[in-house]
Amino acid sequence: MPVNKVNWQQVGHVGEPGRYLFRFGWLTITPDDLAIWTQFPTASFTLVQTSSPPLAVESDEAIVETDEFHLGAFELPVASGPTSPDIQNQDIQNIHRPDELAAVQSPA
């Protein structure tokens with residue numbers, strides 16, 4: 001399976017966690033995913049396919065299966081231009097794991 005990535009713009013800048021239907025299937029977006037996109041709006045996430053539950057369970061209709069995805073690892077675009085490597089390294093060091101984001105206080 002090829003690695004597919006998605007950015008915030010491609011998912012319509014969703015603002016609430018939830019399960020959304022896109023052309024590629026269902027995507028579950030968590031509060032942690034949104035926290036990363038809020039901090040880094042140009043971040044791209046890897047789409048991770050999960051098992052999909054049948055949509056027609058107790059029916060005579062054929063079972064319709066739709067691909068289910070969640071967001072995996074993310075990456076930031078490479079800065080173009082005369083940005084100092086020290087600034088880039090500082091930005092990378094400031095990236096927090098989603099479970100740490102709640103504990104990080106924003107500067108006043």
Side-chain angles (χ1 to χ4, degrees):
M1 175 177 145
V3 175
N4 292 315
K5 297 189 182 268
V6 66
N7 62 37
W8 203 12
Q9 180 179 356
Q10 291 171 313
V11 297
H13 291 97
V14 296
E16 296 290 326
R19 187 170 172 253
Y20 297 90
L21 181 59
F22 294 99
R23 61 178 166 69
F24 54 83
W26 287 96
L27 175 62
T28 299
I29 299 175
T30 67
D32 292 336
D33 300 331
L34 290 173
I36 291 170
W37 267 330
T38 301
Q39 187 174 359
F40 305 102
T42 58
S44 295
F45 281 89
T46 301
L47 286 174
V48 178
Q49 189 168 8
T50 60
S51 60
S52 59
L55 296 179
V57 177
E58 296 181 20
S59 170
D60 293 336
E61 298 176 24
I63 295 176
V64 177
E65 292 189 27
T66 305
D67 291 333
E68 292 273 343
F69 296 90
H70 69 270
L71 299 176
F74 71 94
E75 65 182 38
L76 302 176
V78 177
S80 60
T83 304
S84 164
D86 292 335
I87 294 173
Q88 291 175 355
N89 289 337
Q90 180 183 354
D91 289 342
I92 290 171
Q93 291 172 358
N94 289 332
I95 298 174
H96 299 280
R97 295 179 47 84
D99 54 342
E100 297 172 341
L101 286 174
V104 175
Q105 294 182 357
S106 59

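Each residue takes its place number in the sequence, starting with 1. If you're wondering where the values come from, they're calculated on a predicted model, not measured in any experiment.
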Problem - W8 (side chain) donor-acceptor with V14 (main chain) under 3.5 angstrom - result: yes
Exercise for the section: Go through the steps for L76 and F74 under the test side-chain contact (heavy atoms from CB on, under 4.5 Å), then give the verdict. Expected result: CA-CA 7 Å; L76 302 176; F74 71 94; 4.3 Å; yes
Fill in the blank from the handout: With sequence neighbours left out, the residues meeting ring-ring contact (aromatic ring centres under 6.0 Å, His included) with F22 are F24
Practice task
Return the set of residues passing side chain to side chain donor-acceptor pair (under 3.5 Å) with Q10 (not counting sequence neighbours), or none when no residue passes.
Solution key: none
Exercise for the section: Give the ring-plane orientation class for F45 versus W37, where under 30° counts as parallel, over 60° as perpendicular and anything between as tilted. Expected result: perpendicular
Handout entry: Gap separating the NZ atom of K5 from the CG atom of L47, nearest 0.5 angstrom
Key = 9.5 Å
Practice task
Scan I29, D32, L34 and name whichever one has a side chain to side chain contact (heavy atoms under 4.5 Å, CB included) with P17.
Solution key: L34
Handout entry: Check against side-chain contact (heavy atoms from CB on, under 4.5 Å), L27 and L71
Key = CA-CA 8 Å; L27 175 62; L71 299 176; 3.8 Å; yes
Exercise for the section: Taking all heavy atoms of G25 and all of F69, pick out the closest pair and write down the distance. Expected result: CA-CE1, 4.5 Å
Handout entry: Heavy-atom pair of closest approach, residues H70 and T50
Key = ND1-CG2, 3.0 Å
Handout entry: Residues which pass side chain to side chain donor-acceptor pair (under 3.5 Å) with T30, listed by chain and number, not counting sequence neighbours
Key = D33
